[in-house]
Structure formats: C-alpha cells, structure tokens
There are 4 protein chains.
Amino acid sequence: MVTAKPSQDRPLRADAQRNRARLLAAAETVFATSGLAVPIEEVAKAAGVGVGTVYRHFPNKEALFEAIVIARTRRLADQTRALVEDGDPHTALFEIVDRVVGEAAVKKDFADALTAAGRDVKSTDEMTEASADMRAALADLLAAGQRVGVVTEDVTIAELFSLLYGLCVAAEHYNWDGMQRARAVTLTFNGLGPR
Amino acid sequence: MVTAKPSQDRPLRADAQRNRARLLAAAETVFATSGLAVPIEEVAKAAGVGVGTVYRHFPNKEALFEAIVIARTRRLADQTRALVEDGDPHTALFEIVDRVVGEAAVKKDFADALTAAGRDVKSTDEMTEASADMRAALADLLAAGQRVGVVTEDVTIAELFSLLYGLCVAAEHYNWDGMQRARAVTLTFNGLGPR
Amino acid sequence: MVTAKPSQDRPLRADAQRNRARLLAAAETVFATSGLAVPIEEVAKAAGVGVGTVYRHFPNKEALFEAIVIARTRRLADQTRALVEDGDPHTALFEIVDRVVGEAAVKKDFADALTAAGRDVKSTDEMTEASADMRAALADLLAAGQRVGVVTEDVTIAELFSLLYGLCVAAEHYNWDGMQRARAVTLTFNGLGPR
Amino acid sequence: MVTAKPSQDRPLRADAQRNRARLLAAAETVFATSGLAVPIEEVAKAAGVGVGTVYRHFPNKEALFEAIVIARTRRLADQTRALVEDGDPHTALFEIVDRVVGEAAVKKDFADALTAAGRDVKSTDEMTEASADMRAALADLLAAGQRVGVVTEDVTIAELFSLLYGLCVAAEHYNWDGMQRARAVTLTFNGLGPR
DNA sequence: GATGAATGAGGGTTCATTCAT
DNA sequence: GATGAATGAACCCTCATTCAT
C-alpha cells in the first residue's frame with residue numbers, strides 16, 4: 001500500500017513485483033488444479049518464469065503455499081468486511097457465506113489451505129494476523145446476523161467458522177454448482193436460525 | 001467378509017491372512033497419523049513386516065490406501081444399516097451421523113480418504129460397490145428420518161451425504177470433542193428438519 | 001571382526017556387506033581423484049551400484065566421507081602398531097612415517113581427510129576413537145624412537161603429528177616419488193634427532 | 001603493481017579501482033573464513049557491491065580466486081626479497097619462513113590456494129610469473145642460507161619449497177600459535193642444517 | 001511366502017552466470 | 001559502470017517398486 005520514497009525508488013522492483021504477483025496467481029491455480037504435490041517447476045512454468053525465480057521470491061515450497069493462503073485469507077476478510085458494511089443485514093450473512101463457498105468450489109485450495117494437508121501451516125505472524133482479521137470480520141457478520149434475527153444468539157463464531165469450513169470442503173469435493181451450493185447454504189442456515 | 005476359498009487352506013495362508021489384516025490396521029493408523037505421504041516402509045514397520053510383504057498383498061501404495069477406504073466404507077455401511085434396523089427412527093439419523101462424524105474426528109483419514117488428496121480413488125468395482133452400499137444404507141436412513149418427520153421430504157441423499165462429508169472434515173480439522181460434535185450435528189439437523 | 005552368530009546369520013547381509021566395502025573403496029578412489037565435490041552418482045557408478053544404495057549405507061555424503069576417514073585412520077593405526085611391535089626400533093619410526101607419507105601420496109584424500117576440507121568432520125564417537133587409537137600408536141612409536149635415541153626427548157607427539165601431517169600433504173601436493181619422499185622424511189628426521 | 005593506463009583516467013575508473021581492491025580483500029577474507037564453496041553473492045555482500053560487479057571485474061569465480069592467489073604470491077615474493085636484501089643472512093631464512101608460515105596460519109586460504117582444492121589453478125601467465133617470482137626469491141634466500149652455512153649445500157629449492165608448504169598447511173590445520181610455529185620451524189631447520 | 005537390499009526416476013533447492021534496467 | 005532479478009543446469013536426497021536370497 002505505502003510505497004516508501006515516492007519518487008526514485010529501486011526501479012528494478014517493478015519487474016520483481018510483477019513476477020511475484022504472477023507467481024502467486026499461477027501457484028494458486030496450479031495447486032488448486034493439481035494439488036500440493038505438483039513439482040515447483042510446474043508452478044514456475046505456469047508463471048512463465050524459471051524455478052530459480054520462484055526461489056528468489058519464496059524460500060521454499062511451503063512458504064509459497066503459505067503466501068497463497070495468506071493472500072486468500074486477506075481477500076476473504078476484505079470481502080467479508082465489505083459485505084458487512086454495504087450489505088443488507090438480512091441477506092449479508094447468506095451472501096458472504098455463499099460467495100466464500102462459491103470461491104472455494106472453484107479454487108480447490110481453500111480447504112487444502114486451511115487443512116494444510118497434514119502439514120501445519122506454521123503460524124507465521126502474517127498468517128496469524130490474516131486469520132485473526134478474517135475471524136474478526138466473520139464475527140462482525142455473525143453479530144449483524146444475530147442482531148436482525150436470522151441467527152440465534154447461541155451460535156458462536158467458532159461454530160459458524162467450522163460449518164463454513166465444512167461447506168467449503170464439500171463444495172470443493174462435490175464440485176457443487178450454484179444451485180447445489182445455494183441449497184446447501186440454505187439448509188445450513190436454516191439450522192442456525194430460530195426454530 | 002469375502003474370504004476367498006472358504007475351506008481348507010495351507011497353514012501358511014493363515015499367516016498371510018493375519019499379515020493382511022495387520023497391514024490394513026497399521027496402514028490406517030499410520031496414514032491417519034502422518035498423512036498419505038509417509039513412506040511405505042513406515043507402514044511396513046508399523047505392521048511388523050517387510051516392505052516386500054506389503055507389495056505381496058497390495059500391488060501398490062494406492063491400492064493399499066483404497067483397501068483402507070473400502071474397509072472403512074463397508075464398516076460404516078454396516079453400522080448404518082444396523083442402526084436403521086435396530087435404532088429408534090427418531091434418533092437413528094442423528095446417532096449414525098454423530099457416530100460417523102465421531103469416527104472421522106479420530107481417524108483423520110476419512111476425509112483424506114474421500115477427498116483422496118487430489119488423486120481420485122479410481123473407482124474399483126469393489127470401491128464402487130462399497131460406496132453404493134453405503135449410499136443405500138444412508139438412503140434407508142434418510143427415508144426413515146423422513147418417514148418420522150425429522151427431515152423434510154425435499155432433502156436428497158446427495159445433500160445429506162455432502163453435509164455429512166463437510167461435518168466429518170470439520171470434525172477432523174477442528175478436532176471436535178463430543179460436545180462440539182453434538183452441537184454441530186444438531187445445528188445441521190435443525191436445518192434439515194421442518195421449519 | 002567378530003561376526004555374531006557364527007552359523008545361520010541373515011544371509012542377505014553378505015551382499016550388503018560386499019556393497020558397503022565396494023562403496024567405501026570406490027569412494028576413497030573417487031574422492032581422491034576428483035575431490036570431495038564429485039556428485040555422489042559418480043561414486044555410485046564407480047562402485048557399480050545405484051545412488052540409492054549409497055544412501056542405504058550412509059545417511060549422506062558427509063557420513064560416507066567420514067567413514068572413509070575412519071577406515072583410513074584405523075588402517076594407519078594398525079600398521080603403526082604392527083611396526084612398533086615388529087620393527088627394529090632404530091628404523092621403525094622412519095619406516096612408518098615413510099610408509100604413511102607414501103600412502104598419502106597415492107590416496108589423495110588423507111590430508112583432505114584430516115583437514116576435512118573446511119567442513120569439520122564432526123567427531124563421531126567412532127571417529128574420536130579411531131583418532132585416539134592412531135595417536136596412541138604414534139605415541140608408542142615416538143617413545144620407541146626416543147628410547148633408542150633417534151629422536152630427542154623434547155619432541156612431543158603433537159609435534160610429530162603435525163610434521164607428519166605436513167609431510168603427507170606435501171607428498172600429495174607435489175606428487176613425490178619414493179626418492180623425493182625418502183629425502184623429505186630424512187630431512188625432517190634430522191631435525192628431530194640430536195644435534 | 002601494474003596499473004594499466006598510468007596517467008589520465010575517467011573519475012569513474014577510480015571507483016572501479018577501489019571496487020576491485022575491495023573485492024579482492026573481501027574475497028580473501030570470505031574464502032578464508034568459509035571456504036571456496038561460498039556463493040559469490042557472499043563475497044559481493046562482504047565487499048558491499050552487487051554480484052554483477054564481481055563479474056565485471058572477474059570473468060568467473062575461478063578467476064577471482066586465482067587473482068587472490070596471485071596477489072598473495074606476489075606479496076610473499078616481495079616480502080621474501082625484502083628480507084633477503086635487508087635481513088641478517090643468519091636469521092633471514094628462519095624469519096621469512098616463520099613469517100610465511102605465520103601468515104598461512106591466519107589466512108586459511110594459502111594451502112587451499114596452492115592445493116587449489118582439487119581444481120588445478122590453471123597456470124595463467126600471470127600466475128606462472130608470480131610463482132616463478134616467488135620461487136626465485138626463495139632460491140635467493142636459500143642460497144644466502146647456504147652461503148652462511150645454516151643450510152647444507154645439498155638442499156634444493158624444491159625441497160625447501162615443499163617443506164615450507166607442509167609447514168603452512170600444518171600451521172593452518174593445527175592453528176598454531178607463535179610458539180608452536182617457531183618450534184616447528186626450528187625443528188624443520190635443524191633438519192636442513194649441517195649435522 | 002517373507003525379507004530387506006537395490007534401483008533410479010523425480011523433486012526440492014542452490015548457485016554460477018547472464019542481462020535488463 | 002553498477003545492480004540484483006532471472007535463469008536453469010546440477011546436485012543431494014527420497015521413496016515407490018522390484019528382485020535376489
């Protein structure tokens with residue numbers, strides 16, 4: 001956000017910056033498509049760079065993966081917060097959940113990400129922060145939902161979180177289309193609302 | 001279940017039989033504990049045999065893994081059917097789901113199994129059969145639930161299946177204890193029942 | 001030395017034993033010829049095995065190298081001790097030094113070994129033991145030399161050791177033939193003897 | 001010594017000159033400390049320049065290393081010659097040897113240099129010249145020693161050279177302090193003198 | 001049948017060198 | 001001239017699978 005030294009910065013960085021972004025994007029796609037086990041070279045190829053470049057930007061495969069998760073978590077948190085502020089409280093919760101689940105269905109790595117496939121994404125400060133951020137955004141959302149009465153008071157963030165998680169994984173696993181997803185989200189929401 | 005050559009076997013066969021069983025048990029544990037990426041040798045060691053023996057019983061790693069999934073699926077199907085027949089229709093659905101989810105929380109490999117971590121468990125005949133079996137049992141369960149009115153008519157087996165799946169994964173991921181699990185299952189069931 | 005269980009041991013081990021030996025021999029040659037930087041595959045090829053076999057016997061390159069050093073040190077210690085016992089005290093010191101230096105000239109790895117090329121051969125117990133053994137043998141030799149008067153009393157083992165070391169390196173570096181070596185050893189011995 | 005284009009250079013040239021010097025100094029230290037295997041980038045960092053600059057001054061890593069060896073050899077030759085001229089013939093030999101060995105003990109790269117760690121420092125013209133220079137200086141020294149009788153007539157330059165080499169390596173390897181070094185040099189000299 | 005040694009393809013990572021800025 | 005990002009060959013090591021015993 002804040003580019004230090006407004007004027008003559010290191011000029012090279014422009015390319016590097018772009019490469020990093022392409023790498024992240026490519027990695028997201030490739031990991032999503034082929035799983036975490038793909039050779040790094042595959043990622044590099046998809047990003048149109050050499051393996052060395054991957055390693056210049058990320059110390060190792062795990063770090064690359066973590067960077068994706070962090071980016072993704074941040075994006076989700078941002079979107080969530082946007083919806084909390086702009087959206088109709090009555091539908092905000094449904095919408096954001098639906099959207100999150102929808103994305104998860106496409107980018108196969110979300111669950112992979114959170115699950116981190118056995119290997120525990122070692123809580124980097126950055127990761128911890130992004131997580132907390134997401135959690136906070138979701139908490140706001142939940143509070144909003146409870147305020148307008150679509151969710152009963154006794155539902156906790158943790159519960160919401162884990163149900164959301166389950167939905168994401170299922171969406172990904174069963175390759176839900178919009179219809180199926182909406183239905184599942186609806187069913188789940190029914191459970192959260194008042195009897 | 002299907003013991004090939006029902007009657008007189010050479011005594012050695014007994015050892016082999018036992019080895020296969022130990023192998024399956026060991027593999028289930030080891031995969032659950034350390035993920036699918038563990039070297040086969042680890043499994044062999046855990047089973048107290050040499051790698052060669054593993055390969056005598058299963059053509060390759062994937063087959064071993066599949067065998068576990070099949071065994072597990074069969075077990076679940078059996079349990080489900082048992083509950084359908086013996087259990088109180090009002091609680092049967094809840095109970096079986098709770099149990100399945102409970103097991104999933106312990107044996108980390110269930111989701112791993114179904115998700116099959118990227119690689120698609122190629123539907124063997126056996127696997128297909130076990131799956132169908134499980135699906136049928138769950139269908140019966142669902143039908144029973146609908147008959148007594150705890151689940152609305154419009155819920156499909158596919159939907160039930162995927163929600164169940166999501167619960168399992170979440171249970172595993174968040175390491176739910178009995179309480180948390182019951183709560184999640186309850187919430188989910190609320191969603192399936194009549195308004 | 002002591003092969004446990006004289007009769008029916010694990011039969012396979014014979015091959016493995018042989019491979020380990022071949023590996024050690026090959027590695028000694030290859031490292032000597034091409035330096036410590038040669039790819040492990042080169043060593044494997046020289047031993048007529050696959051890389052995997054190298055790694056079955058030695059956890060990593062360094063361990064392989066260390067094994068060579070240990071073997072070599074033991075051999076030297078043994079030879080030294082033999083000379084101490086069998087040899088004429090008047091010539092024993094000269095002879096053993098000459099021989100050690102002679103070997104060093106051929107097997108280029110001796111100095112490499114001791115120097116351990118920058119990386120410090122982490123003192124394994126085995127290594128420590130072998131070293132101590134060698135040192136002890138040399139101490140005996142020195143004592144013998146002093147007893148018969150070819151070396152003055154004030155020469156310490158450490159001094160002998162380091163001069164020997166220097167000679168070895170020089171022999172290797174300058175590729176001394178027997179004549180050159182004998183001359184250098186003689187000159188050095190002159191320095192150790194009484195004026 | 002040989003500054004190309006003696007007179008008017010562009011001011012930038014000054015920077016380049018300085019960079020080359022810093023590079024050489026940094027490389028000497030870094031190679032000495034961490035061995036020849038350190039990444040070039042390490043050297044660059046130590047010199048406070050980018051890798052590109054290293055390659056502007058030296059075509060490749062080997063050339064950089066060779067430049068160090070040459071510089072070092074020249075320095076030794078100069079010092080030697082100085083001692084030959086200024087020093088007391090009776091102690092000159094001892095002194096120069098002691099000094100050379102002393103330096104070798106500090107700058108670990110001397111032996112590394114001469115041994116050239118497996119890779120043979122391809123005799124560049126420059127290198128050859130520097131070597132010859134050193135050899136000549138040492139020859140003068142030896143001659144002086146022989147003239148005053150501290151060294152017997154039959155000692156050849158080659159012999160002196162190789163003993164010196166051995167001492168250097170040993171000094172480096174055993175990390176001799178001044179005392180230990182003096183003792184070793186003395187012992188060695190005893191050997192070179194008349195009986 | 002069981003064992004575990006051997007194989008070797010494959011993947012992660014490093015680093016000398018090049019080149020756009 | 002300097003910089004440091006990019007490249008990719010090469011290396012260490014792992015592990016699924018085979019096979020001699």
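In what follows, chains are A, B, ... by sequence order, proteins preceding strands, each numbered from 1. Computation of the quantities below employed the complete heavy-atom set of this structure, encompassing side-chain atoms and omitting hydrogens, waters and symmetry-equivalent molecules.
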Across all chains, not counting sequence neighbours, the side-chain contact (heavy atoms from CB on, under 4.5 Å) partners of A63(D) are F58(D), P59(D), N60(D)
Symbol by symbol from the 5' end, with Watson-Crick or G-U pairs under 3.5 Å, [ ] crossing and | another strand, DNA chain F is .||||||||||||||||||||
Judged by nearest nucleotide, the residue sitting upstream toward the 5' end of DNA chain E, R20(C) or N19(B), is N19(B)
Applying salt bridge (Lys or Arg N to Asp or Glu O under 4.0 Å) to R22(D) and not counting sequence neighbours gives none
Shortest non-hydrogen pair, A44(D) vs V54(D), comes out as CB-CG2, 3.8 Å
**Message:** Between K61(A) and E66(A) (salt bridge meaning N to carboxylate O under 4.0 Å), is one present in this structure?
**Reply:** no
query: Using 4.0 Å as the upper bound for N to carboxylate O, is an ion pair formed by E28(C) and R75(C)?
result: yes
Contact check, residues 54-61 of chain A vs DNA chain E, heavy-atom distance under 4.0 Å, returns Y55(A), N60(A), K61(A)
Residues at least two apart in sequence or cross-chain that pass side-chain contact (heavy atoms from CB on, under 4.5 Å) with Y55(A), listed by chain then number, are I40(A)
Comparing nearest nucleotides in DNA chain F, the 5'-proximal residue of the pair V38(B), G48(D) is G48(D)
Shorter than 3.5 Å, N or O on both sides, protein versus nucleotides 8-10 of chain F: list them out with atom names.
{"unit_1": "dG8(F)", "atom_1": "N7", "unit_2": "G52(A)", "atom_2": "N", "d": "3.4"}

Rounded P spacing from dG1(E) to dT21(F) in Å: 22 Å
Distance col, row Q17(A):CD vs H57(A):NE2, nearest 0.5 angstrom, shows 8.5 Å
What one should report as the nearest heavy-atom pair of A26(B) and V43(B) is CB-O, 4.1 Å
